[in-house]
2 protein chains.
Amino acid sequence: MDVASRREQILAVTTQLIAERGFWGLSMQDVADRCGLTVPGVLHHVGSKDGLLVAVLEHRDTQDARALAAELGWPAGDLTDTRELEAVALPEVCAALVRRNARQPEIVRLYAVLESEALAPDHPAHSYFAQRQRRVLDAFEQMARGRTAQPRRLAMTVLALMDGLQIQWLRNPDEVDFFHEWEALAGPLFADLRSTKSRRTKPV
Amino acid sequence: MDVASRREQILAVTTQLIAERGFWGLSMQDVADRCGLTVPGVLHHVGSKDGLLVAVLEHRDTQDARALAAELGWPAGDLTDTRELEAVALPEVCAALVRRNARQPEIVRLYAVLESEALAPDHPAHSYFAQRQRRVLDAFEQMARGRTAQPRRLAMTVLALMDGLQIQWLRNPDEVDFFHEWEALAGPLFADLRSTKSRRTKPV
DNA sequence: GTCTATAGGACGATAGAC
DNA sequence: GTCTATCGTCCTATAGAC
């Protein structure tokens, strides 16, 4: 097996294991076993346990940004590309986010677990999640700017509602339809959003 | 030191450590050290590591129910006491919950971390949190019944918003005023709640 | 009720052969 | 690129003295 696909395999396996155990509960032995390797074999590819975590998060970010852009029909870019985000419709972006997340509960669980673990300042992923929250809030706020009196507050509400509903869904995936519930819950939230005259469906 | 207060000390120390590390990252050695005991000394009081976790959660539940009842001016009972919950005002209960939680970030962080970890079906606290979610949703729903068209959906929204805002607050305790933001975010949510003619401020 | 001593593993990581 | 072998550290839990 060549370097690239072996690395992909390791990251995929780790993603699932972190979702089940969290980072503190993750063992290199388990990763190696599920990959059909030994522990030093895994470490050869990722350097250390912390390096493995970072690799998983970065890998997921690029993959996710691409998928989200495709889902929205954008040519390229992601949520970090803040040019002209005012022209983007927040409700549609949220719907796309939720629709995509609903299809991959494992990765969402990974984020839920790590997000809580990483509240501790000495967690290897602490600053990653701190920056991520700021980035998402800024993007949401910019999309809401000019259409509501308190864009920052709307951004916080949207993010909070999403995170909270995710937990309920993950705990009960069979009874809760994530996307359907999101639409029902978020609908009233977006009800009084003003549209701008130059509203477009994609940035740039 | 007598049995009871030694046990209290162990539970308090464990609470803080779980908040920092999660349950998988908790070590009996750390607990023993911070208590000025040895590991067997701690195990003597709680039986096992799992037993320690259960003890922490149960201890917190009783303590929290009592404090919440006091905050609302109730004579006794807690959220599990569902008699006549229709007569209770949901907004006031939520405000009391948030006000209390805002004063104890460590315990809130413990719940946030465990809540995510316990999404895995084989986690020792999995069923505890599954039951807890059901219990809280039922209570909220009952408080909203007769005052809104979709009480279950309002219950889910309230719980989701609370959990989500908690994460944002915990990640940034100095910049986010938990109670203040809750009032701002939840206000619109409760705006169209109808009051009942026999509305009282306490049950029974 | 708390201790010492220790069993019996699992952990992350390194060195060096192939 | 993956292995074997191994180091040193950490872990939960038990047995038995005081």
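Each chain gets a letter, A, B and so on, in the order its sequence line appears, and its residues count up from 1. As the structure is a computational prediction, the values presented were derived from the model and not from experiment.
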CE of A:Met156 to CG of B:Leu165: how many Å apart, nearest 0.5 Å?
5.5 Å

Kindly compute the distance separating CD (B:Glu58) from CG (B:Leu53), expressed to the nearest 0.5 Å.
10.0 Å

Could you please name the option among D:dC11, C:dG1, C:dA13 that lies closest to any side-chain atom of B:His45?
C:dG1

Kindly state which residues belonging to residues 1-28 of chain A come within less than 4.0 angstrom of DNA chain C, counting heavy atoms of the residue only, listed by number.
A:Leu26, A:Ser27, A:Met28

With a 4.0 Å limit, can you tell me whether A:His44 has a side-chain N or O closer than that to the phosphate oxygens OP1/OP2 of C:dT14?
no

Looking at A:Phe140, does the NZ or CZ of A:Arg145 lie under 6.0 angstrom from its six-membered ring centre and within 45 degrees of the ring axis?
no

Would you say D:dT2 has OP1 or OP2 under 4.0 Å from some side-chain N or O of A:Thr38?
no

How long is the span from the OG1 atom in B:Thr14 to the CZ atom in B:Arg21, to the nearest 0.5 Å?
14.5 Å

Separation of A:Gln29 atom CD from D:dC3 atom C1', in whole Å?
14 Å

B:Leu43 CG - C:dT6 C1' separation (whole Å):
15 Å

Could you tell me the separation between the CD atom of B:Glu141 and the CZ atom of B:Arg152, rounded to the nearest 0.5 Å?
4.5 Å

Intermediate values then yes/no, ring pair (Phe, Tyr, Trp, His ring centres under 6.0 Å), A:Phe129 and A:His123:
CA-CA 10 Å; A:Phe129 278 98; A:His123 192 284; 7.9 Å; no

Rounded to whole Å, how long is the line connecting atom NZ of B:Lys49 with atom P of D:dC11?
9 Å

